[in-house]
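Below is one structure, written out as C-alpha cells; comments come after it.
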Amino acid sequence: MAVYTEVTDEALRAFLADYALGELVAFRGIAEGVENSNYALKTEAGDFILTLYEKRVDPAELPYFLGLMDHMAGRGLACPTPVHGRDGQSLRSLAGRPAAIVTFLPGVWPRRVRPEHCAPLGRALAEMHRAGEGFAVTRPNALGPSGWSPLLDGCRARGDEVQAGLIAELDVALAGILAAWPSEGALPVGHVHADLFPDNVFFLPGEDGKPRVSGLIDFYFACTDLLAYDVAVCLNAWCFEPDYAFNVTKARALLSAYDGVRHFSAAERAALPVLCRGAALRFLLTRLYDWTHTPAGALVTRKDPLEYLRKLRFFAQADSAAALGL
Ligand SMILES: Nc1ncnc2c1ncn2[C@@H]1O[C@H](COP(=O)(O)OP(=O)(O)O)[C@@H](O)[C@H]1O
Ligand SMILES: N[C@@H](CCOP(=O)(O)O)C(=O)O
C-alpha cells in the first residue's frame, strides 16, 4: 500500500492551477511502493506521477533528488523529469506534505528476472552514472558504511528472534567489511541510485523483441558514493535465483554491458567482492530493522532479512571478481 495521504479533488485542482498542464482528466492512487504516496495523474498535457513525500523522506533532501533527476533527464537518461510550475518551482506542498509532479515512464518492471534483462540493466546503470556527471550538489550516503553500526545496534535487542546467533554473525561480518572497505579516494565516486532493484527498472520489448530499459525510477535513496557500489547493489538484487543460487551468467551479462559503457578500473575490480558484501549487509540491516520495529498489523509488507543473509554468506566465500563474473 502506498497511499498514506488522501488528496481531495478540490485540493488537487487548486494545486494544478500552479502548473501549465491543462485540465485534470483522471487521478488514482498507486498501490505499489512503500515510502511515499504516489498517484497516477492524467491531464490535458499527458500522463504524470504525483508524489507526496511521507515521514521517512527529509524535506531538506528533496532539492537534491529532484535536481538530480532534472540533471540526468536533461542529459538524456530515461528517468522521471520533475515538472516545474508556472513559478519555476518543482517542489510544492499538497495536503500538508511536500509534493512534486514528475513525468510518467512507460514500461513494466520484471517480476521474474531473466538473463536477457541483465545486459540492458548494466548498460542503463553505466549510462546513469555518466548522466550524473557534472551535477554539483552532493548527498552523503546515510545507509553507507558509517550508518551500518548504528543500524545493527538498533537491531541488537530483537535480532536473534529472527534467527538464533544472527547478531553475533553480523558483528563479525560488519567488522570484516569495514576493515576491507576501500579507503577514501581509492575508487571513483559519483551520483549513485543505491536501490536499483527490479521494481525500479522498467522494460519494454525492443524491435528485436528483446527487453530494453524504458526507464529508471525511485531516486529517493540516491547519494554521492562509490560508483561500483551501485554495481554491487545490482549484483545482489538481480543475480540470485529464487533458491538463492548466484547466477553467474546474469552477473557476466550485467558486468560486461556496464564495462562497455564505463570501464571498471583495476581498483574497482579488486574491490567488487567487499562492495557486494557491504551491499548485502545494508539491505539485510534495513530489512532486519523494519522487521523488528514494524508494529504487528501495520499496512506495510515487510521484506525478508534472511534473503540477504544468504547473499552475504555467498559473497563472503566468493572472494574474487572472477567468481562474480568479472
Ligand atoms: N515516473 C513513473 N512512471 C511510471 N510509474 C511510476 C513512476 N514513478 C512511480 N511509479 C509507479 O509507482 C510505484 C511506486 O513508486 P516508487 O517510487 O517505487 O515508490 P516508493 O518510493 O514509495 O517505494 C512504482 O512501482 C510504479 O508503478
Ligand atoms: N529495495 C529495498 C527496499 C526499498 O523499497 P522501494 O520500494 O523504495 O524500492 C529492499 O528490497 O530491501
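Numbering of ligands and ligand atoms starts at 1, following listing order. Any value given below was found using the heavy atoms of this structure, including those in side chains, with hydrogens, waters and symmetry copies removed.
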Atom 8 (O) of ligand 2: nearest protein contact (heavy atom, Å): D218 OD2, 3.0 Å

Atoms of ligand 2 close to D199 [distance to a heavy atom under 4.0 angstrom, numbered from 1]: 7 (O), 9 (O)

Residue portion contacting ligand 2 (non-hydrogen atoms closer than 4.0 Å) for T286: neither

Short N-O contact, D290 and R56, less than 4.0 angstrom: yes

Taking atom 2 (C) of ligand 2 as the reference point, the nearest protein heavy atom with its distance: D195 OD1, 3.5 Å

Whether Y64 and F135 hold their rings parallel, tilted or perpendicular, with breakpoints at 30° and 60°: tilted

Selection residues 312-321 - residue pairs positive for side-chain hydrogen bond (donor to acceptor under 3.5 Å, both in side chains), sequence neighbours left out: E169-R313

Heavy-atom neighbours of Y289 OH exceed 12 at 6.0 Å: no

Protein contact of atom 3 (C) of ligand 2 - nearest heavy atom, named by residue and atom, plus distance: K303 NZ, 3.9 Å

Aromatic centroids of F219 and F65 separated by under 6.0 Å: no

Taking atom 12 (O) of ligand 2 as the reference point, the nearest protein heavy atom with its distance: R287 NE, 2.8 Å

Gap separating the CG atom of D208 from the CD atom of E116, nearest 0.5 angstrom: 10.5 Å

Ring-ring centroid check F203 H117, cutoff 6.0 Å: yes

Salt bridge (charged side-chain N to carboxylate O under 4.0 Å, His left out) assessment of R111 paired with E32: CA-CA 13 Å; R111 270 55 183 179; E32 282 186 340; 2.9 Å; yes

Ring geometry between W148 and Y229 (parallel below 30°, tilted from 30 to 60°, perpendicular above 60°): tilted

Ligand-residue contact atoms, ligand 2 with F197, heavy atoms, under 4.0 Å: 1 (N), 10 (C), 11 (O)

Test of proximity, E35 against ligand 2: N or O pairs below 3.5 Å: no

Give every pair formed by an N or O atom of ligand 1 and a protein N or O atom closer than 3.5 Å, one pair per line with both atom names and the distance to 0.1 Å, or write none.
{"residue": "ligand 1", "atom": "1 (N)", "partner": "T103", "partner atom": "O", "Å": "3.0"}
{"residue": "ligand 1", "atom": "3 (N)", "partner": "L105", "partner atom": "N", "Å": "2.8"}
{"residue": "ligand 1", "atom": "15 (O)", "partner": "N38", "partner atom": "ND2", "Å": "3.4"}
{"residue": "ligand 1", "atom": "18 (O)", "partner": "D218", "partner atom": "OD2", "Å": "3.2"}
{"residue": "ligand 1", "atom": "19 (O)", "partner": "N38", "partner atom": "ND2", "Å": "3.2"}
{"residue": "ligand 1", "atom": "21 (O)", "partner": "D218", "partner atom": "OD1", "Å": "3.2"}
{"residue": "ligand 1", "atom": "21 (O)", "partner": "D218", "partner atom": "OD2", "Å": "3.3"}
{"residue": "ligand 1", "atom": "22 (O)", "partner": "V34", "partner atom": "N", "Å": "3.2"}
{"residue": "ligand 1", "atom": "22 (O)", "partner": "E35", "partner atom": "N", "Å": "2.8"}
{"residue": "ligand 1", "atom": "22 (O)", "partner": "N36", "partner atom": "N", "Å": "3.0"}
{"residue": "ligand 1", "atom": "23 (O)", "partner": "V34", "partner atom": "N", "Å": "3.1"}
{"residue": "ligand 1", "atom": "25 (O)", "partner": "E32", "partner atom": "OE1", "Å": "2.7"}
{"residue": "ligand 1", "atom": "27 (O)", "partner": "E32", "partner atom": "OE1", "Å": "3.2"}

Ring geometry between F315 and F240 (parallel below 30°, tilted from 30 to 60°, perpendicular above 60°): perpendicular

